[in-house]
Amino acid sequence: MPVHPLLTAMLVMDMLVLLLLTGAAVCAFRVVLNWSPGDTGQAQLRLQARQEAWSLATSIAVWTYLASGLLLIAILSNILPGRVPGAMCGTGVLQACRPDGYRMLLLRFLGSVGLFCWHRLETLNRGAPLAPLTAVNARVLLAILPIVCLGYGATFQALTGLDTSRPVDCCTALYDRVGPAATAEAAVFFSRRAALWLFGITSVGLPLLVLTRGPSIPGRVSRSDLLPVLAAVWLFSGTVALVRVWAPYHYEVLHHFCPWCLFLPEHRGVGFPLLIFLGLVAFEAPALWAITRARSRYGHLLPGDTALAARCSRHLIIGVIGFVLLAAGPALWWRWQFGMWITS
């Protein structure tokens with residue numbers, strides 16, 4: 001495993017998160033077995049005090065986990081390429097630790113989404129005098145923990161298995177994928193035009209759905225149930241459009257379809273704010289859906305649900321607008337300046 005101060009800091013943060021979540025899991029297991037909100041005995045009061053303490057500790061763990069994930073992206077894109085022969089960005093680093101690198105990113109992303117949803121539900125629960133979501137949140141936390149642990153295992157395997165002895169192709173492998181045969185093959189599955197149309201439709205439809213969503217009815221499918229699905233489509237089409245259509249305007253180089261180079265200083269590190277905007281949508285959409293579901297079942301016991309839902313809605317809309325402006329802005333500027341598209 002390579003040694004670097006930022007990598008050490010990330011591993012320390014991950015160890016702290018793992019310790020906090022282990023203690024929270026023990027408390028959550030006791031809550032699932034013994035939680036009795038109508039009981040005023042000493043055992044219930046002690047369990048309630050312990051649950052409140054571990055709830056605050058888990059909230060700290062959630063934000064630490066998100067910060068370590070952002071730090072991991074910075075390490076993969078800016079630190080480790082100097083340790084891998086032939087690597088210029090995160091693409092080469094992931095090639096050196098394949099296949100654990102991609103599995104690490106996927107599991108950590110899923111863990112981040114799950115922990116953020118738990119945090120939003122727990123914030124809603126702490127604002128209610130009777131805390132009706134305590135047992136539900138305990139089950140949610142126990143369901144998320146295996147994903148987080150698998151993500152840590154994949155991170156350890158990826159970093160310890162990083163091959164620094166053999167050179168990698170890095171971005172040159174991406175150029176091999178944009179020849180006539182590769183372009184024709186990619187067009188069969190998802191063309192650039194389809195990505196732009198789908199992204200444009202979802203960029204308008206997702207904020208409209210957030211602003212006009214109705215209450216969730218238990219046992220029935222409502223418009224709010226479409227939020228996670230529409231957000232997933234927006235994330236997929238937006239990522240494809242960014243890499244396949246708008247990246248050349250950031251790089252000012254045609255056929256450079258590498259998302260990792262966006263995080264490099266020579267490209268002003270534009271990948272980091274783009275990632276934050278994507279994260280706002282990826283995190284807030286399922287959280288807003290979960291809040292709407294909780295409101296449909298415990299609405300009379302959750303006085304802060306409207307304010308929290310409004311906050312999630314604002315963050316989600318900011319994420320959509322910010323990503324559109326930052327991703328497509330250079331393309332529009334190029335068109336206005338030169339009167340043509342760089343890909344035409």
Side-chain angles (χ1 to χ4, degrees), residues 70 72-81 84 86-95 101-102 105-106 109 168-203 232-282 319-344:
L70 190 61
L72 175 62
I73 297 299
I75 292 171
L76 291 175
S77 59
N78 289 276
I79 304 300
L80 292 183
V84 178
M88 297 175 288
C89 62
T91 299
V93 175
L94 291 179
Q95 289 174 358
Y102 296 101
L105 293 177
L106 176 61
F109 169 74
V168 296
D169 296 328
C170 198
C171 293
T172 58
L174 299 176
Y175 286 103
D176 295 337
R177 302 175 190 172
V178 296
T183 304
E185 181 181 355
V188 173
F189 296 99
F190 207 73
S191 66
R192 293 187 302 173
R193 187 181 299 273
L196 284 175
W197 274 104
L198 189 57
F199 178 72
I201 293 172
T202 52
S203 295
V233 175
W234 183 87
L235 289 168
F236 172 74
S237 59
T239 303
V240 173
L242 173 64
V243 175
R244 301 284 300 177
V245 179
W246 296 319
Y249 298 94
H250 290 275
Y251 301 137
E252 297 184 354
V253 174
L254 196 60
H255 297 316
H256 189 181
F257 302 139
C258 177
W260 287 98
C261 288
L262 292 171
F263 296 96
L264 297 178
E266 50 264 38
H267 301 300
R268 300 172 296 279
V270 69
F272 290 103
L274 285 171
L275 182 64
I276 291 174
F277 287 135
L278 287 173
L280 284 176
V281 178
V320 172
I321 296 176
F323 181 83
V324 170
L325 293 178
L326 190 58
L332 299 177
W333 170 255
W334 183 282
R335 174 72 178 184
W336 180 82
Q337 189 176 17
F338 297 104
M340 60 178 294
W341 302 110
I342 193 173
T343 54
S344 59

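Only heavy atoms go into these numbers, but all of them, side chains included; no hydrogens, no water, no symmetry mates.
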I need the minimum non-hydrogen distance between [X] and [Y], along with the two atoms involved.
X	Y	result
Ser203	Val320	O-CG1, 3.7 Å
Ser237	Thr202	OG-OG1, 3.8 Å
Cys258	Val243	N-CG1, 4.4 Å
Ser77	Pro81	O-CG, 3.5 Å
Asn78	Pro265	OD1-CD, 3.2 Å
Val84	Gly92	CG1-O, 4.3 Å

Discussion item. Test side chain to side chain contact (heavy atoms under 4.5 Å, CB included) on Phe272 and Leu70; report intermediate values, then the result.
Written reply: CA-CA 8 Å; Phe272 290 103; Leu70 190 61; 4.2 Å; yes
Discussion item. Test side chain to side chain contact (heavy atoms under 4.5 Å, CB included) on Tyr251 and Leu262; report intermediate values, then the result.
Written reply: CA-CA 8 Å; Tyr251 301 137; Leu262 292 171; 3.3 Å; yes
Can you tell if the side chain of [X] reaches within under 4.5 Å of the side chain of [Y], non-hydrogen atoms only?
X	Y	answer
Val93	Trp260	no
Tyr249	Leu332	no
Phe323	Val281	no
Pro259	Thr239	no
Val324	Phe277	no

When rounded to the nearest 0.5 angstrom, what distance separates [atom1] in [X] from [atom2] in [Y]?
X	Y	atom1	atom2	result
Phe257	Thr91	CZ	OG1	13.5 Å
Leu326	Ile321	CG	CD1	13.5 Å
Phe109	Leu235	CZ	CG	6.0 Å

Practice prompt. Take Leu76 and Leu105 through the test side chain to side chain contact (heavy atoms under 4.5 Å, CB included) and record every step on the way to the result.
Written response: CA-CA 11 Å; Leu76 291 175; Leu105 293 177; 4.0 Å; yes
Worksheet item: Would you say His250's side chain and Ala327's backbone share a donor-acceptor pair under 3.5 angstrom?
Response: yes
Worksheet entry | Worked check of side chain to side chain contact (heavy atoms under 4.5 Å, CB included) between Phe263 and Leu275 | CA-CA 10 Å; Phe263 296 96; Leu275 182 64; 4.3 Å; yes
